[in-house]
Amino acid sequence: MAEAAVTMHMDKGLDHTIIGESTKSFIDGQNGVLEYLGIDIDDLARNSTFEEVVFLLWNDRLPSADELESLKSELRAEYELGSELLGMLRLVPADASPMHMLRTMVSAMGTMDADCDDQSLESERRKAIKVLAKTPAIIAAFSRLRKGEEPVAPRADLDIATNFLWMLNDEMPGAASARAIDVSLVLHADHGINASTFAAMVTIATQSDMYSALTSAIGTLRGPLHGGANERVMRMLQEIGDIDSVDAFVQESLASKRKIMGFGHRVYKALDPRAKYLRTFAKQIADETGNHELYEMSTRIQDIMEREVGSKGIYPNVDFYSATTYYSLGLEIDLFTPVFALSRNAGWAAHVLEQHQDNRLIRPRCQYTGPHGVAYTPMSDR
Ligand code: CMC
């Protein structure tokens with residue numbers, strides 16, 4: 001049976017499909033360039049803070065000092081979880097995956113907001129602030145509750161990165177650790193129409209709401225081909241065990257077509273510029289803590305991969321060195337992807353707000369390959 005006369009092309013994986021316009025981030029995959037609103041990611045990583053980048057992504061320009069303070073005040077006013085959310089968090093099984101937990105909690109926030117269906121930009125922005133501001137407390141409180149410890153109240157005098165580590169560990173982090181998390185949040189904040197951002201856009205394009213869009217995005221980020229890769233990198237390094245076992249592990253993996261986690265990218269066919277920056281960080285932390293083995297194993301894997309598959313455009317991506325960075329900072333491995341989600345809330349919300357302003361239902365088609373005209377078989381005859 002022929003389809004109506006509409007020109008269609010098949011693009012499995014959507015590699016060759018541009019789904020719309022965006023001002024948020026630019027990626028040059030051949031040359032390893034990433035910009036937010038035209039500003040090179042290296043400049044932002046060196047000079048800005050996560051809150052500044054949130055303003056940039058949501059307003060398409062850098063903030064003045066007053067504007068930044070005002071955004072920080074709005075965020076800080078929403079740091080607390082409140083008794084309802086905390087009560088729900090206490091019901092989540094201690095052995096649940098933190099990404100399942102986070103997705104559930106963000107979804108639950110939609111049940112507690114009387115303005116959930118208000119589609120105005122102001123209301124949607126307010127919801128984005130709420131989710132972004134509460135995500136660190138949700139992750140930190142869950143991490144503590146599952147160890148039998150009470151959550152630590154957020155401190156309204158701290159920025160997001162410092163406050164997160166404070167709530168996680170019940171002690172003030174050193175400036176270097178807080179800055180490492182802050183820079184990592186900057187580097188993960190947005191990345192074009194990646195899978196989770198696309199999921200958020202598909203959801204909001206039906207005129208659903210911010211909570212639903214962010215819930216879709218968290219579920220999508222979780223997979224190991226996307227944000228879940230940072231946890232898999234760490235587990236892979238643990239499986240390898242020591243530097244002497246690296247060569248055999250990588251060679252055997254390549255020979256058996258097992259993917260090396262933290263390598264390869266749909267868009268980058270050169271070194272991911274975020275990986276370049278995080279590698280420097282991983283080295284600094286290794287020098288500071290004296291724990292060099294993980295860093296040396298990582299660089300050895302990178303050397304072998306460049307030699308063996310560099311010509312295919314397979315290089316480290318953002319997840320490769322963020323894993324060693326987080327681990328060296330003392331983060332539990334299954335919190336790596338939630339920290340990615342904490343940061344990417346900024347980009348997800350930016351694209352949701354952008355989609356609202358020029359919306360069209362996103363509804364692709366598939367090539368039907370099944371039969372036609374099949375007679376219905378009554379239950380008694382099956
Ligand atoms: N290790 C070994 N070989 C690889 C890898 C890897 N990590 N990634 C791709 N390849 C090979 C793959 O085997 C295939 O080879 P061949 O052409 O000989 O069959 C070729 O490269 C193309 O791979 P693909 O999987 O078809 O490429 P894709 O564009 O569909 O996948 C990817 C991109 C990120 C899913 C993939 O590179 C991968 O699975 N990487 C490991 C997981 C990972 O690190 N994910 C994080 C992505 S970046 C952060 C984020 O987006 O969240």
Side-chain angles (χ1 to χ4, degrees), residues 10-17 24-25 27-30 32-34 41 99 102 184-201 216-237 239-240 246-279 282 298 300-326 333 336-348 351:
M10 172 106 76
D11 184 13
K12 199 171 172 188
L14 301 181
D15 308 32
H16 306 290
T17 300
K24 305 302 171 187
S25 51
I27 306 168
D28 175 349
Q30 295 304 323
V33 173
L34 170 62
I41 196 67
M99 283 300 278
L102 183 60
S184 184
L185 297 181
V186 167
L187 295 173
H188 286 81
D190 193 40
H191 206 234
I193 309 303
N194 55 87
S196 54
T197 301
F198 185 54
M201 288 170 65
S216 299
I218 295 169
T220 309
L221 183 74
R222 178 170 183 264
L225 297 188
H226 192 9
N230 54 13
E231 300 183 18
R232 304 296 175 108
V233 169
M234 202 55 234
R235 307 230 184 258
M236 177 183 76
L237 291 170
E239 183 187 338
I240 297 172
V246 165
D247 290 49
F249 180 90
V250 177
Q251 296 294 1
E252 279 163 25
S253 297
L254 291 177
S256 61
K257 289 254 165 207
R258 173 181 170 179
K259 282 184 175 168
I260 302 293
M261 285 291 135
F263 280 79
H265 200 277
R266 177 58 65 80
V267 184
Y268 292 119
K269 299 304 166 199
L271 183 64
D272 181 331
R274 302 165 298 173
K276 193 173 56 187
Y277 202 89
L278 283 160
R279 176 177 165 149
S298 305
R300 179 80 194 131
I301 295 172
Q302 184 178 350
D303 290 346
I304 304 170
M305 288 294 279
E306 272 177 21
R307 193 184 66 217
E308 299 293 328
V309 290
S311 59
K312 284 167 79 175
I314 300 169
Y315 290 92
N317 57 51
V318 70
D319 292 314
F320 191 60
Y321 285 103
S322 64
T324 31
T325 303
Y326 292 155
I333 296 174
F336 293 3
T337 314
V339 173
F340 191 158
L342 150 56
S343 164
R344 189 55 63 82
N345 273 320
W348 292 330
H351 288 274

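Order of listing sets the numbers, starting from 1, for every ligand and every atom in it.
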Determine whether the aromatic ring centres of residues His265 and His191 are separated by less than 6.0 angstrom. yes
Step through it carefully: locate the ring centre of Tyr315, locate the ring centre of Phe263, and say whether they are under 6.0 Å apart. no
Does an N or O from [X], backbone or side chain, lie closer than 3.5 Å to an N or O of ligand 1?
X      : answer
Gly227 : yes
Met261 : no
Lys312 : yes
Val318 : no
Gly262 : yes
Arg274 : no

For Arg266, counting its heavy atoms only, list the atoms of ligand 1 lying under 4.0 Å from any of them. 28 (P), 29 (O), 30 (O), 33 (C)
Of Ile260, Asp272, Leu271, which meets side-chain contact (heavy atoms from CB on, under 4.5 Å) against Pro316? Leu271
Is there at least one protein heavy-atom neighbour under 4.0 Å from [atom]?
atom                    : value
atom 26 (O) of ligand 1 : no
atom 22 (C) of ligand 1 : no
atom 32 (C) of ligand 1 : no

closest protein heavy atom to atom 48 (S) of ligand 1 is His265 CD2, 3.4 Å
Hey, are Lys257 and Glu252 close enough for a salt bridge, meaning a charged N less than 4.0 Å from a carboxylate O? no
Inspect the contact between Arg300 and Asp247 and indicate whether a charged nitrogen and a carboxylate oxygen are less than 4.0 angstrom apart. yes
How many angstroms lie between CD1 in Ile333 and CZ in Arg232, if you round to the nearest 0.5 Å? 12.0 Å
Among Val309, Asp15, Leu225, the residue with a heavy atom nearest to atom 35 (C) of ligand 1 is Leu225
